[in-house]
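Notes for the one structure printed next.
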Amino acid sequence: MILFYSFLLLNLIAFVLMGYDKNAAKTRRSRISEQALLTFVLLGGTIGSGLGMLVFRHKTSKKSYLWKFWIIVVIQIVIAVVYFKK
């Protein structure tokens, strides 16, 4: 159960960070680095980050970010399939 709540919190943070970064981009404030955003994706915040991209329409036209995002997603899917196939 702790793992579930950890992932829930991680995804919530990833979602909020996408919204914050979008707002910071609009108001020309200090931004969150792409590396930090992708780190949350890598750690398991994929759903929150993906929803944040859709809801806030953030990073959806930046090809380099999208490539990195989708590579991480594919790696996570492969890991999940291998792990749960046992």
Side-chain angles (χ1 to χ4, degrees):
M1 204 56 155
I2 279 186
L3 188 60
F4 171 77
Y5 287 116
S6 297
F7 276 109
L8 185 65
L9 180 62
L10 187 62
N11 279 283
L12 179 64
I13 292 169
F15 180 81
V16 169
L17 286 178
M18 290 300 276
Y20 175 84
D21 193 52
K22 175 65 175 196
N23 186 272
K26 284 181 173 181
T27 58
R28 300 196 182 272
R29 285 184 288 142
S30 181
R31 305 276 307 274
I32 299 171
S33 71
E34 284 189 6
Q35 183 177 357
L37 294 173
L38 288 169
T39 298
F40 275 91
V41 175
L42 185 64
L43 293 175
T46 309
I47 295 171
S49 185
L51 286 174
M53 287 189 325
L54 293 173
V55 169
F56 303 115
R57 300 182 57 78
H58 189 49
K59 299 287 186 192
T60 55
S61 62
K62 186 151 188 187
K63 301 287 187 219
S64 64
Y65 182 87
L66 290 173
W67 272 105
K68 293 170 192 169
F69 176 84
W70 286 108
I71 287 171
I72 293 170
V73 170
V74 168
I75 291 169
Q76 289 174 339
I77 290 170
V78 168
I79 290 170
V81 166
V82 168
Y83 180 77
F84 290 112
K85 195 173 186 179
K86 294 181 182 180

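Note: hydrogens, waters and symmetry copies are ignored here, and every other heavy atom, side chains too, is used. In this chain, residues are counted from 1 in sequence order.
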Could you pull out all residues at least two apart from F69 that satisfy ring-ring contact (aromatic ring centres under 6.0 Å, His included)?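 Here no residue qualifies.
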
Pairs touching residues 54-67 that satisfy salt bridge (Lys or Arg N to Asp or Glu O under 4.0 Å), sequence neighbours left out: E34-K59, E34-K62

Please name the residue in the list L17, N11, T46 that meets the side-chain contact (heavy atoms from CB on, under 4.5 Å) test with F40.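 Of L17, N11, T46, side-chain contact (heavy atoms from CB on, under 4.5 Å) with F40 is met by L17 alone.
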
Using a 3.5 Å distance criterion without hydrogens, assess whether the side chain of Q76 forms a donor-acceptor pair with backbone atoms of I71.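 No, the answer is negative, given that no donor and acceptor are paired below the 3.5 Å cut-off.
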
Linked, directly or transitively: [X] and [Y] (ILVMFWY side chains, under 4.5 Å):
| X | Y | result |
| --- | --- | --- |
| F7 | L51 | yes |
| L43 | V16 | no |
| L66 | V55 | yes |
| V81 | V73 | yes |
| L42 | I77 | yes |

Assess whether atom CZ of R29 is packed by more than 12 heavy atoms of other residues, nucleotides or ligands within 6.0 Å. yes

I47, CD1 atom: more than 12 neighbouring heavy atoms under 6.0 Å: no

The test is side-chain contact (heavy atoms from CB on, under 4.5 Å); show your working for I2 and S6 and say whether it passes. CA-CA 6 Å; I2 279 186; S6 297; 4.0 Å; yes

Say you draw a straight line from [atom1] of [X] to [atom2] of [Y]; how long is it, rounded to the nearest 0.5 Å?
| X | Y | atom1 | atom2 | answer |
| --- | --- | --- | --- | --- |
| N23 | H58 | CG | NE2 | 10.0 Å |
| S49 | I13 | OG | CD1 | 12.5 Å |
| R31 | D21 | CZ | CG | 4.0 Å |

Provide the closest heavy-atom pair for [X] versus [Y] in the form atom of the first, atom of the second, distance.
| X | Y | answer |
| --- | --- | --- |
| A14 | G45 | CB-O, 3.6 Å |
| M53 | T60 | O-CG2, 3.4 Å |
| F15 | F56 | O-CE1, 3.5 Å |

